[in-house]
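Keep in mind that what you see is a predicted model, and the values were worked out from it rather than measured. Chain letters run A, B, ... following the sequence lines, proteins first, then strands; residues in each count from 1.
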Amino acid sequence: MPEKPYDHSQIELKWHERWQDATFYKAEENSSKPKFYVLEMLPYPSGTLHIGHIRNYSIGDALARYKWMRGFNVLHPMGWDAFGLPAENAAIANKRPPREWTLQNIAAMKKTHRRFGFSYDWDREVSTCEPEYYRWNQWFFLKMYERGLAYRKEALLNWCPKCATVLANEQVVDGCCWRHEDTKVEQRALVQWFLKITDYAEQLLDDIAQLEGGWPERVLTMQRNWIGRSEGTEADFTLDPDGSPIRVFTTRVDTIYGATCVILAPEHPLNAAILDDEGKARAKAMVDARANRDPGDIEKEGFFTGRYAVNPYSGEKVPVWIGNFVLMGYGTGAIMAVPAHDERDFEFCRKYGIPVRPVIRPVDGVLAVEPGMKEAFCEYGIVENSGEWSGLPSEDARRRMSALAERKGFGKAAITYRIKDWGISRQRYWGTPIPMIHCPACGVVPVPERDLPVVLPEKIEITGAGRSPLENVPEFVNVTCPACGAAARRETDTMDTFIDSSWYFYRYCDARNSQAPFDPAKIAYWFEIDQYIGGVEHAILHLIYSRFFTKVMRDLGLVQNSEPARRLFTQGMVIAEGVKMSKSKGNVVGADMLAEKYGADTARMFVLFAAPPEKEVDWRWEGAEGIYRFLGRVYRFATRNVPQEERSGESDRKVLRKLHQTVKKITEDFETRWHFNTCIASVMELVNLLYAEEANISATAMREVLEKLALLLAPFAPYVSQEIWEELGGEGVLFHQSWPAFDPELARDDEAEIVVQVNGKVRSRITAPFGTPKEELEPRALADDKVKPFVEGKQVVKVIAVPDKLVNIVVK
RNA sequence: GCCCGGGUGGCGGAAUCGGCAGACGCACCGGACUUAAAAUCCGGUUUUCCGCAAGGAGAGUGCGGGUUCAAGUCCCGCCCCGGGCACCA
């Protein structure tokens with residue numbers, strides 16, 4: 001049969017149309033098969049899919065198809081992270097409602113999705129900007145409020161002038177806004193809503209142990225650092241002469257006899273009482289200077305308050321300073337400075353001539369001598385010059401001194417976390433309204449559950465200036481108090497959009513439920529997510545919030561799992577010809593453009609071929625051409641060889657061996673490390689061999705090879721492999737076939753090739769049956785013609801033989 | 001500064017457990033087919049030296065040491081690149 005040319009657009013269009021309304025990607029509700037939940041992070045509907053998305057989805061899709069072929073009941077959903085600022089900014093720029101803009105973008109992106117043939121169960125599609133979805137954000141918020149996990153407080157908050165809203169700590173990168181890397185965040189005092197993620201800090205940290213092995217170590221480390229657990233002691237110094245306490249937090253209470261001053265943060269509440277007007281002005285200047293500090297270090301500065309405080313252990317009186325490097329937001333906002341044993345304190349005290357007093361000596365050394373110390377000694381050691389504690393190792397002193405503080409009532413052992421509560425109020429329109437009402441009589445009153453959802457008004461003018469645009473919508477703002485019926489005002493802030501993405505993967509399990517966020521029974525079946533796939537940039541934002549939500553939901557009795565995802569895979573970035581893709585550089589490789597030029601199969605396969613999925617990949621158009629050529633080679637070969645006239649079959653053994661080796665390799669990779677680049681390379685090797693041996697393959701062998709070839713390519717290039725399947729006379733949807741099995745006997749080479757080295761250099765190769773013992777290999781190697789010249793006239797010192805691998809002859 | 005990754009041909013990358021470095025692809029060169037080109041198919045391509053050639057010898061995985069019969073892979077010390085954290089008491 002003559003070969004057919006590879007017309008990718010015709011093939012892809014044909015199957016695209018046939019699959020349009022097909023239902024075979026649907027997850028089954030009541031299945032006897034084992035379940036597999038594979039999930040890619042949901043995209044923001046910016047309007048276009050780019051090559052980075054395609055990479056993410058190609059990895060997930062390959063896995064989903066493989067799992068289907070392995071007989072799993074696969075859940076593979078997709079949705080839209082549809083709330084957020086870009087829609088609002090677009091609305092201001094184009095005078096179009098955010099909703100309209102968003103829906104249009106979703107439609108466009110979904111079209112591209114379908115063009116690529118990703119295997120999503122679109123019946124479960126979730127769009128977070130729909131009231132059917134965000135009402136459950138509100139519902140969760142109310143549940144958290146009931147449990148005291150949602151609360152309101154005034155705090156200094158990160159304000160991005162470009163976003164015109166506050167940001168959570170997680171959304172501040174190097175002092176700048178996560179979306180505007182050139183825009184420094186300002187500190188503003190505002191009253192806003194917080195979620196008490198700190199209540200779960202310990203669990204978030206402890207449960208990382210469950211994720212070991214399934215999540216990248218890098219992500220876990222970042223989370224550990226972000227949570228920042230620190231074990232230490234809180235102790236009260238007392239202000240002289242009135243005795244009011246200054247509480248400090250330290251991890252090194254064993255060094256407290258070396259404390260030579262107490263330093264307060266410039267915004268410490270006590271400052272109001274102890275500073276004169278000049279001091280207050282200086283403190284304020286420090287706070288302001290820090291607000292627009294450069295990322296990086298600023299010079300340590302401070303001044304003496306004129307007051308003294310008493311060390312609760314030694315009874316010593318030390319000066320009280322204000323220092324710009326002491327953070328109000330961490331610990332107690334006050335520290336004891338022990339310059340001899342802390343680098344920062346050392347730097348500060350040297351600068352201002354405050355005494356340095358060593359009290360810890362190295363375990364196998366002597367106490368440092370002052371004056372003359374060049375740097376702080378920060379390690380554990382033996383406590384010296386510290387009254388009754390002298391002679392104790394640091395670890396013991398820490399424990400016993402904490403216990404004393406507790407007993408005497410001037411302090412306690414304490415654990416401090418770096419993570420702070422999650423500020424979720426946003427002074428913007430396009431987000432979930434916070435379901436709260438402010439009543440002049442009753443105070444803050446939650447919207448009753450029966451009144452949910454609090455729907456975002458549609459007709460609204462958005463200017464982007466100042467307060468939430470919702471404030472200008474009287475019919476939204478003006479309500480009656482659910483408690484007393486008096487006139488009241490609705491909360492006009494909306495929720496951080498990270499709330500939306502904190503639980504969307506639960507909604508996929510029961511996406512159309514109008515009575516509850518989901519049916520817990522369905523969650524019990526599908527969870528945990530077996531494989532989550534996304535970018536590493538979410539390592540501490542989305543991924544820590546999601547873990548928090550899951551734990552809260554578990555405590556609400558809604559889910560049984562403590563963690564959302566058993567395994568996480570973070571794929572590498574896609575860059576274009578050596579440079580990072582960005583809109584401003586105009587080098588963004590769009591998905592439609594790709595599909596246009598080479599077809600979806602080629603685009604998907606190239607992005608998997610170019611590098612292992614966890615690594616950065618460099619998109620080069622010439623490289624994509626290589627894959628296009630390869631798919632053409634496969635297609636033409638298949639079409640011209642089926643049905644096939646009888647041929648000798650003398651190469652059957654060779655070809656089938658390669659085939660089974662390839663099946664083995666790819667199967668193992670899917671189960672372990674996902675190096676699809678080498679999987680694809682191995683199929684290329686197989687095809688190269690097929691070309692070389694084409695005339696000598698029997699009809700039966702050819703059929704087996706072609707069928708399995710189509711199956712092997714199905715996860716990576718679903719269109720063309722389906723077309724080949726049909727050409728072969730195959731029935732039904734390709735990825736509903738079983739994944740090909742390999743025969744280990746067939747996959748094995750007949751004989752082992754054994755490398756013969758002399759002094760570690762390869763001199764010859766011999767073949768021997770597998771399992772030939774070294775006793776037989778050695779003489780054969782020594783007798784080899786190519787080896788002899790290197791051995792003759794020399795003394796054979798020793799011979800190392802590794803069966804099935806090599807013989808190394810050491811001569812002198 | 002601290003903690004992770006990483007450094008292999010002209011390029012992307014392979015070598016999964018210490019055992020043949022450079023699979024596979026790109027680019028390039030040559031050949032076949034063609035009036036010609038494209039497409040396609042076949043072959044070559046780390047490098048130095050010896051040789052007309054077939055072939056042979058040596059070097060080589062960022063740099064310097066080490067362990068080992070054997071090191072891209074393990075150990076020690078550096079250099080460079082990428083990422084994360086960075087006054088967290």
Legend entry - Integer angstrom distance from the C1' of B:U8 to that of B:G13: 9 Å
Inset, instruction - Any chance you could measure A:His660, atom NE2, to A:Arg748, atom CZ, to the nearest 0.5 Å? - result: 14.5 Å
Inset, instruction - Identify which nucleotide among B:A15, B:C41, B:G19 has an atom closest to any side-chain atom of A:Leu806, counting heavy atoms from C-beta outward. - result: B:G19
Inset, instruction - Look at all strands and tell whether A:Arg763 reaches a base, only sugar-phosphate, or nothing, counting heavy atoms closer than 4.0 Å. - result: sugar-phosphate
Inset, instruction - Could you tell me the separation between the CD1 atom of A:Ile544 and the P atom of B:G84, rounded to a whole number of Å? - result: 16 Å
Legend entry - Between B:C85 (C1') and A:Arg218 (CZ): distance, integer Å: 13 Å
Inset, instruction - Look at all strands and tell whether A:Phe348 reaches a base, only sugar-phosphate, or nothing, counting heavy atoms closer than 4.0 Å. - result: nothing
Inset, instruction - Indicate whether OP1 or OP2 belonging to B:C42 is found under 4.0 Å from a side-chain N or O atom of A:Arg633. - result: yes
Inset, instruction - Using only heavy-atom distances, decide whether a donor-acceptor pair under 3.5 angstrom links the side-chain of A:Glu753 to the base of B:C20. - result: yes
Legend entry - Polar contact flag, side-chain donor to acceptor under 3.5 angstrom, A:Arg633-A:Asn688: yes
Legend entry - Nearest-neighbour nucleotide for the A:Glu622 side chain, B:C26, B:U16, B:G19 considered: B:C26
Inset, instruction - Write down the distance separating the C1' atoms in B:C11 and B:C87, rounded off to the nearest Å. - result: 44 Å
Inset, instruction - Determine, using ring centers only, whether A:Phe670 and A:Phe676 are less than 6.0 Å apart. - result: yes
Inset, instruction - Just compare B:C42, B:U16, B:A14 and give me whichever is closest to any side-chain atom of A:Tyr691. - result: B:C42
Legend entry - Between B:A39 and B:U45 - C1' atom distance, rounded Å: 23 Å
Legend entry - Mate of B:G64 where both pairing distances stay under 3.5 Å, Watson-Crick or G-U: B:C76
Legend entry - Nearest-neighbour nucleotide for the A:Phe325 side chain, B:C41, B:C87, B:G84 considered: B:C87
Legend entry - Rounded distance in Å between the C1' positions of B:G51 and B:A38: 41 Å
Inset, instruction - Provide the Watson-Crick or G-U wobble partner of B:A38, both distances under 3.5 Å; none if there is no partner. - result: none
Legend entry - Spacing of A:Ile627 atom CD1 relative to B:G25 atom P, expressed in whole Å: 9 Å
Inset, instruction - Assign B:C78 to syn or anti; the rule is syn for a glycosidic angle within 90° of 0 and anti otherwise. - result: anti
Inset, instruction - Specify whether A:Trp621 and A:Trp619 have parallel, tilted or perpendicular ring planes, treating 30° as the upper limit for parallel and 60° as the lower limit for perpendicular. - result: perpendicular
Inset, instruction - Compare side-chain N and O positions of A:Arg629 against OP1 and OP2 of B:A39 and report whether any pair is under 4.0 Å apart. - result: no
Legend entry - Salt-bridge criterion met for A:Arg765 and A:Asp784 (N-O under 4.0 Å): no
Legend entry - Any side-chain donor near an acceptor of the partner, A:Glu671 and A:Tyr66, under 3.5 Å: yes
Inset, instruction - Decide if atom CZ of A:Arg763 counts as having more than 12 heavy atoms of other residues, nucleotides or ligands within a radius under 6.0 Å. - result: yes
Legend entry - Watson-Crick or G-U wobble partner of B:G22, both distances under 3.5 Å: none
Inset, instruction - Output the single nucleotide from B:C11, B:A89, B:G83 whose closest atom is nearest the side chain of A:Arg620. - result: B:C11
Legend entry - C1' spacing across the pair B:A15 / B:G19, given as an integer number of angstrom: 12 Å
Legend entry - Atom pair distance, as rounded to whole Å: CD1 in A:Ile809 and P in B:U68: 21 Å
Inset, instruction - Please check the phosphate of B:U16 (OP1 and OP2 only) for any side-chain N or O of A:Thr672 closer than 4.0 Å. - result: no
Legend entry - Minimum-distance nucleotide (side-chain atoms of A:Arg673 versus B:C41, B:A15, B:A70): B:A15
Legend entry - Nearest-nucleotide comparison on RNA chain B, the residue closer to the 5′ end among A:Lys786 and A:Val617: A:Val617
Inset, instruction - Among the candidates B:C42, B:A89, B:U16, find the nucleotide nearest to the side-chain atoms of A:Asp669. - result: B:U16
Inset, instruction - Classify the nucleic acid contact of A:Glu217 as base, sugar-phosphate or nothing, counting any heavy atom under 4.0 Å across all strands shown. - result: nothing
Inset, instruction - Write down the partner of B:C33 under the Watson-Crick or G-U wobble criteria, each distance required to be under 3.5 Å. - result: none
Inset, instruction - Provide, to the nearest angstrom, the distance between the CD1 atom belonging to A:Ile666 and the P atom belonging to B:C24. - result: 15 Å
Legend entry - Separation between the C1' atoms of B:G12 and B:G30, rounded to whole Å: 24 Å
Legend entry - Earlier contact from the 5' end, RNA chain B, for A:Lys665 and A:Glu343: A:Glu343
Legend entry - A:Phe609 side-chain proximity, nearest of B:A89, B:G12, B:U40: B:G12
Inset, instruction - Between B:G65 and B:G58, how far apart are the C1' atoms? Round to whole Å, please. - result: 23 Å
Legend entry - Whole-angstrom distance between B:C50 and B:G43, as gauged at atom C1': 26 Å
Inset, instruction - Sort out the partner of B:G5 for me: Watson-Crick or G-U wobble, both distances under 3.5 Å, none otherwise. - result: B:C81
Inset, instruction - Classify the ring geometry between A:Phe410 and A:Tyr313 as parallel (under 30°), tilted (30 to 60°) or perpendicular (over 60°). - result: perpendicular
Inset, instruction - Measure up the A:Trp321 and A:Phe348 rings against each other and bin them: parallel (under 30°), tilted (30 to 60°), perpendicular (over 60°). - result: perpendicular
Inset, instruction - Look at the side chain of A:His675 and decide which nucleotide, out of B:C24, B:A21, B:A14, has an atom nearest to it. - result: B:A14
Inset, instruction - Write down the partner of B:A59 under the Watson-Crick or G-U wobble criteria, each distance required to be under 3.5 Å. - result: B:U46
Legend entry - Touch class at under 4.0 angstrom, heavy-atom based, for A:Gly331 against every strand present: nothing
Inset, instruction - Nearest whole angstrom, please: distance from the C1' of B:C41 to the CZ of A:Arg636. - result: 9 Å
Inset, instruction - Would you indicate, yes or no, if B:G25 has its OP1 or OP2 atom less than 4.0 angstrom from a side-chain nitrogen or oxygen of A:Asn688? - result: yes
Inset, instruction - Using a 4.0 Å heavy-atom cut-off across all strands, classify A:Pro612 as base, sugar-phosphate, or nothing. - result: sugar-phosphate
Legend entry - Gap between atoms CH2 and P, on A:Trp226 and B:G84 respectively (whole Å): 13 Å
Legend entry - In B:G9, glycosidic geometry as syn within 90° of 0 or anti otherwise: syn
Inset, instruction - Report which part of the nucleic acid A:Val797 touches: base, sugar-phosphate, or nothing (heavy-atom distance under 4.0 Å, all strands). - result: nothing
Legend entry - N/O (side chain, A:Asn677) to phosphate O (OP1/OP2, B:G12) under 4.0 Å: no
Inset, instruction - Taking only the side-chain nitrogens and oxygens of A:Arg418, find out if one of them lies under 4.0 Å from OP1 or OP2 of B:A89. - result: no
Legend entry - Candidates B:C87, B:C24, B:C42 - which lies nearest the side chain of A:Lys300: B:C87
Legend entry - A:Lys665 and A:Thr678: side chain donor to acceptor below 3.5 Å: yes
Inset, instruction - May I have the distance from A:Lys805 (atom NZ) to B:C20 (atom C1'), rounded to whole angstrom? - result: 12 Å
Legend entry - Phosphate OP1/OP2 of B:G84: any A:Arg224 side-chain N/O under 4.0 Å: no
